[in-house]
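Just so you know, ligand 1 is whichever comes first in the structure, and atom 1 is the first atom listed for that ligand. Quick note: residue numbers are just sequence positions, from 1.
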Amino acid sequence: MLTIHHLGLSQSDRIIWLCEEIGVPYRLDKHDRDPVTGGGPESYKALSVFGTAPVITDGNLVLGESAAIIEYVINTYGDGRLTVAPGSPDYASYLFWFHFANGSLMPAMMFDFGMHRAGLQESELAARLGQRTNRAFRLVEQRLGEATYFAGTEFTAADIMMLFPLTMMRKFTPRDISNCPNLQRYLANIVQRPAYRRTLEVGDPGLAPLIT
Ligand SMILES: N[C@@H](CCC(=O)N[C@@H](CS)C(=O)NCC(=O)O)C(=O)O
């Protein structure tokens with residue numbers, strides 16, 4: 001059986017959520033963040049070559065990276081569910097948002113987070129590079145004004161990739177989304193999904209989803 005090595009308050013939520021959505025059985029191996037650094041504990045770093053969350057194990061396979069794990073689980077156990085097939089009008093949007101989450105949005109937010117941690121949030125560099133996050137959130141708001149889900153009309157793995165930066169990451173790098181009504185509507189809707197509710201109960205019990 002698949003084992004999801006879950007680091008609390010982390011991107012490994014995505015893998016629990018995926019398995020809950022498509023009904024793939026899994027075993028959960030939970031790790032708490034290091035209370036001093038806030039990073040992963042040594043027990044988590046030892047699991048994989050790069051040491052970040054998420055990590056799964058499946059027999060002898062040890063696999064890291066959210067997007068790689070999601071593709072692996074969907075293609076190995078999920079019969080391609082929650083993806084959009086080539087040829088569909090939503091195919092390119094699916095690919096874009098699936099990759100935008102960790103290819104552009106997370107790096108931009110990590111930069112903001114780092115600047116904040118270093119006490120440099122008022123610097124010219126932080127302001128200049130912070131524009132990337134602003135652009136990303138404007139694009140998200142525009143997309144959610146034209147489509148119900150990131151890929152289009154159907155909930156897909158692109159939504160699973162996108163939700164972490166739009167919710168949990170804002171606990172690390174706070175962001176005002178009061179001027180993003182489409183995003184707020186989307187979040188209020190998506191966090192009602194039973195599989196998402198179960199993900200929080202299992203992965204981060206007691207944590208309220210950040211929807212405003
Ligand atoms: N691109 C990677 C990012 C992984 C990542 O940075 N994970 C964070 C948790 S959200 C982590 O492991 N942080 C703890 C640390 O670096 O010690 C992925 O999606 O798997």
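When the side-chain hydrogen bond (donor to acceptor under 3.5 Å, both in side chains) test is applied to S104, no partner is found at least two apart in sequence or on another chain. Judged as a salt bridge (charged side-chain N to carboxylate O under 4.0 Å, His left out), and not counting sequence neighbours, the contacts of R198 are E20.
Contact between P54 and ligand 1 is present, with at least one heavy atom of the residue lying under 4.0 Å from the ligand. In this structure, K45 has a heavy atom closer than 4.0 Å to ligand 1. Using 4.0 Å as the threshold, R33 has a heavy atom nearer than that to some atom of ligand 1.
Across all non-hydrogen atoms, the minimal contact from Q11 to M106 is NE2-CE, 3.6 Å.
Of the heavy atoms in T52, both backbone and side-chain atoms come closer than 4.0 Å to ligand 1.
Sparse packing is recorded around CZ of R132, with 12 or fewer heavy atoms of other residues, nucleotides or ligands lying under 6.0 Å away. Annotation: R117, atom CZ; neighbour count of heavy atoms from other residues, nucleotides and ligands within 6.0 Å does not exceed 12. Around the CG atom of D79, the shell of radius 6.0 Å holds no more than 12 heavy atoms that belong to other residues, nucleotides or ligands.
In this structure, the protein non-hydrogen atom closest to atom 6 (O) of ligand 1 is Q11 NE2, 3.8 Å. If you check which protein heavy atom lies closest to atom 15 (C) of ligand 1, you get G40 N, 3.5 Å. With hydrogens left out, the protein atom closest to atom 1 (N) of ligand 1 is E65 OE1, 2.9 Å, a heavy atom.
Between atom 19 (O) of ligand 1 and the options S66, G38, A53, the minimum heavy-atom separation is to S66.
Residue S10 approaches ligand 1 through these ligand atoms, each under 4.0 Å from one of its heavy atoms: 9 (C), 10 (S).
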D204/M168 under side-chain contact (heavy atoms from CB on, under 4.5 Å): CA gap, chis, key distance, verdict: CA-CA 11 Å; D204 297 295; M168 195 83 87; 3.7 Å; yes
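Below 3.5 Å of separation, one finds an N or O of N102 facing an N or O of ligand 1.
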